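One-based numbering along the sequence shown. On a predicted model such as this, the values are computed, not experimentally measured, just so you know.
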Amino acid sequence: MKEAVRAERVLVAKARATLDRDPALALKRLRELGQAYPRGSLREERDRLTIVALMRLTRAAEAQTAARRFLDHYPNSIHRALAESVLER
């Protein structure tokens with residue numbers, strides 16, 4: 001179990017590290033992470049980063065869908081404001 005969390009943490013860090021310079025690669029990594037760890041410990045962070053990557057790629061409709069899903073899954077998230085701001089655009 002601890003190994004899975006460690007592996008998931010490494011994959012999230014890799015996606016986060018590429019977000020600024022290559023949001024498409026970050027999005028690809030985040031989607032792979034979602035397939036590998038659909039119920040992972042870091043899924044909220046994965047989903048937050050997915051919204052950010054989609055916005056940076058100017059894929060607003062997809063970002064809004066991801067934001068709605070984020071709010072459905074994490075209504076009390078510390079990152080709620082991010083999702084709400086995407087929906088206001």
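If you chain together hydrophobic residues whose side chains sit under 4.5 Å apart, Leu49 and Leu82 fall into the same group. One hydrophobic cluster holds both Leu33 and Val52 under the rule that ILVMFWY side chains link at heavy-atom gaps under 4.5 Å. Note on Leu42 and Leu11: same hydrophobic cluster, where clusters join Ile, Leu, Val, Met, Phe, Trp and Tyr whose side-chain heavy atoms are under 4.5 Å apart, directly or indirectly.
When side chains are defined from C-beta on, Ile51 does not count as touching Asp47, because their heavy atoms never get closer than 4.5 Å. Between Leu19 and Leu25, the closest side-chain pair of non-hydrogen atoms is not below 4.5 Å.
A donor-acceptor pair is defined here as one N or O able to donate and one able to accept, closer than 3.5 Å; such a pair exists between the side chain of Arg29 and the backbone of Lys14. A donor-acceptor pair is defined here as one N or O able to donate and one able to accept, closer than 3.5 Å; no such pair exists between the side chain of Glu62 and the backbone of Met55.
Residues Arg6 and Glu3 are paired through a salt bridge, judged by an N-O separation under 4.0 Å between the basic side chain and the carboxylate. The existence of a salt bridge linking Arg48 and Glu44 is excluded, since no basic side-chain nitrogen approaches an acidic carboxylate oxygen closer than 4.0 Å.
Taking all atoms of both residues into account, the shortest heavy-atom contact from Ala15 to Ala26 is O-CB, 3.4 Å. The nearest pair of heavy atoms linking Gln35 to Pro38 is O-CD, 3.6 Å. The shortest non-hydrogen separation linking Ala67 to Ala83 is CB-O, 3.6 Å. Among all heavy-atom pairs drawn from Ala7 and Tyr37, the shortest one is CB-OH, 3.3 Å.
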**OP:** Carefully, step by step, assess Arg80 and Phe70 under the rule side-chain contact (heavy atoms from CB on, under 4.5 Å).
**Re:** CA-CA 8 Å; Arg80 181 181 177 86; Phe70 184 92; 5.5 Å; no
Subject >> Derivation of the side-chain contact (heavy atoms from CB on, under 4.5 Å) call for Asp20 and Arg56 >> reply: CA-CA 8 Å; Asp20 287 334; Arg56 290 190 181 168; 2.5 Å; yes
Subject >> Worked check of side-chain contact (heavy atoms from CB on, under 4.5 Å) between Tyr74 and Arg43 >> reply: CA-CA 10 Å; Tyr74 319 106; Arg43 64 185 177 270; 3.3 Å; yes
Subject >> Verdict with supporting geometry, Glu8 and Arg46, salt bridge (charged side-chain N to carboxylate O under 4.0 Å, His left out) >> reply: CA-CA 10 Å; Glu8 185 183 6; Arg46 178 193 70 216; 5.2 Å; no
